[in-house]
Colleague: 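I am attaching a structure below and will ask some questions about it afterwards.
Chain letters run A, B, ... following the sequence lines, proteins first, then strands; residues in each count from 1.
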Protein chains: 2
Amino acid sequence: MNTAPLTRRARAGGGRMTAQRRAVLQALQELGCAPTAEEIHTRARHIRSGLGLVTVYRTLETFAQEGLVQRLFLDDARGRYELMGGRHHHHLVCLSCGTIQSLNRCFLAAAERAARARGFKVTAHRFELFGYCRRCQAPAAR
Amino acid sequence: MNTAPLTRRARAGGGRMTAQRRAVLQALQELGCAPTAEEIHTRARHIRSGLGLVTVYRTLETFAQEGLVQRLFLDDARGRYELMGGRHHHHLVCLSCGTIQSLNRCFLAAAERAARARGFKVTAHRFELFGYCRRCQAPAAR
DNA sequence: GTATCAGGTGAAAATGATTTTCATTATCAG
DNA sequence: CTGATAATGAAAATCATTTTCACCTGATAC
């Protein structure tokens, strides 16, 4: 798997490119759909043994600030992380086993249809908009 | 504010109706949009002083199992709770001040339009489907 | 290439949200 | 009214995550 473009983007953020960060990037790329810090740590450890969980957290936080990674919360309090810049998509979260699949389209009806087409039984959905409320936009937005 | 219908629904779940649970229900009703356990605790304490935070958590968990309350995760790891059975809706989460507003319609385009109409600047959205994957449905779903 | 040093790392401890434990209290079916 | 048993409160435990701090190492300047 080619991590060069990611490495370039990460370096562009101003930080240094260490073996640990490379391992986290590669793990993210290999794991794909919204893994937890723990899962990323386990995978990245195979690439760079001795890598600490704390470093994984710090690295993910750094990448998130640089916009390289997005942190999201699905069905529980554990943060989940995924690389940004891929195609915009949403998730299918299984309430029984917790597996997460991704879904490319984002319109409601189409999404539900797409989910059903893969045998996923939809029992609930969640749709949230993030941004800045009127009060926080003016006078100095953010 | 009338809590009688809620009290009835809560009792129907099989549990006992205590002053603490009544206070939590009332607080949920008064607070409206997706408060945290902490916020619910603070409000419910005014109704029933001495009410412990632990009890709030337990009560919310119980209500969630009975389908009276839904627990959700928005922009951070803190769980948020809201009464079920109201009109289906979604949320506007301000990334700056953290306030949460609710939105009635759930179709993407309409939702974004509705958000903008209230001066909310949308910078991202999240849409998740929950349910059971093919593997978990068969042979004994759930 | 090598020195330099700010940025990065690992381990341990701290934190914050939530859950568990356990002794005590209170609801409500009979 | 009373007993069985569910619910409560306080303290301690747990889990994910963050902070601290002493040590290390990329990558720029030489």
Colleague: Taking for each residue the nucleotide of DNA chain C bearing the nearest heavy atom, is the 5' side occupied by R16(B) or by R58(B)?
Modeller: R58(B)

Colleague: R71(B) has an atom CZ; how far is it from atom C1' of dT18(C), in whole Å?
Modeller: 7 Å

Colleague: What's the CZ-C1' distance between R80(A) and dT17(D), to the nearest Å?
Modeller: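 Roughly 15 Å, once rounded to whole Å.
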
Colleague: Between M17(A) (CE) and dT9(C) (P), how many Å, whole number?
Modeller: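 So the two atoms are 9 Å apart, to the nearest Å.
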
Colleague: Pick the nucleotide of DNA chain D nearest each of A77(B) and L51(B); which residue has the one closer to the 5' end?
Modeller: L51(B)

Colleague: Would you say a side-chain N or O of R21(A) is under 4.0 Å from OP1 or OP2 of dG8(C)?
Modeller: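 Yes.
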
Colleague: Report yes if at least one side-chain N or O of T18(B) is closer than 4.0 Å to OP1 or OP2 of dT8(D); otherwise report no.
Modeller: yes

Colleague: Rounded off to whole Å, could you give me the CD-to-C1' distance for the Q65(A) and dG8(C) pair?
Modeller: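 In whole Å, dG8(C) C1' and Q65(A) CD are 15 Å from each other.
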
Colleague: Mark yes or no for whether H90(A), through its side chain, and F127(B), through its backbone, hold a donor-acceptor pair below 3.5 Å.
Modeller: yes

Colleague: Specify the separation, in whole Å, of atom CD of E66(A) and atom C1' of dG8(C).
Modeller: 13 Å

Colleague: Once you round it to whole Å, what is the distance between P of dA16(D) and NE2 of H41(A)?
Modeller: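 After rounding, the reported distance stands at 13 Å.
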
Colleague: Do L28(B) and L60(B) make a side-chain contact, defined as non-hydrogen atoms from C-beta onward lying under 4.5 Å apart?
Modeller: yes

Colleague: Tell me: CG of L53(B) to P of dT18(C), nearest whole Å?
Modeller: 8 Å

Colleague: So, does Q20(A) get its side chain near the phosphate of dT25(D), meaning an N or O under 4.0 Å from OP1 or OP2?
Modeller: no

Colleague: With a 4.5 Å cut-off on side-chain heavy atoms, are Q20(B) and R58(B) touching?
Modeller: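 Side-chain contact under 4.5 Å: no.
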
Colleague: Identify the two heavy atoms, one from H91(A) and one from L74(A), that lie closest to each other, and give their separation to 0.1 Å.
Modeller: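 Residues H91(A) and L74(A), closest heavy atoms: ND1-CD2, 4.4 Å.
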
Colleague: Atom CZ of R48(B) to atom P of dT25(C): distance rounded to whole Å?
Modeller: 13 Å

Colleague: Honestly curious: do L53(A) and I47(A) fall in one hydrophobic cluster under the side-chain, below-4.5 Å linking rule?
Modeller: no

Colleague: Does Y57(A) have a side-chain nitrogen or oxygen under 4.0 Å from the phosphate oxygens OP1 or OP2 of dT17(D)?
Modeller: yes

Colleague: 5'-most contact on DNA chain C: R22(B) or E38(B), nearest heavy atom basis?
Modeller: E38(B)

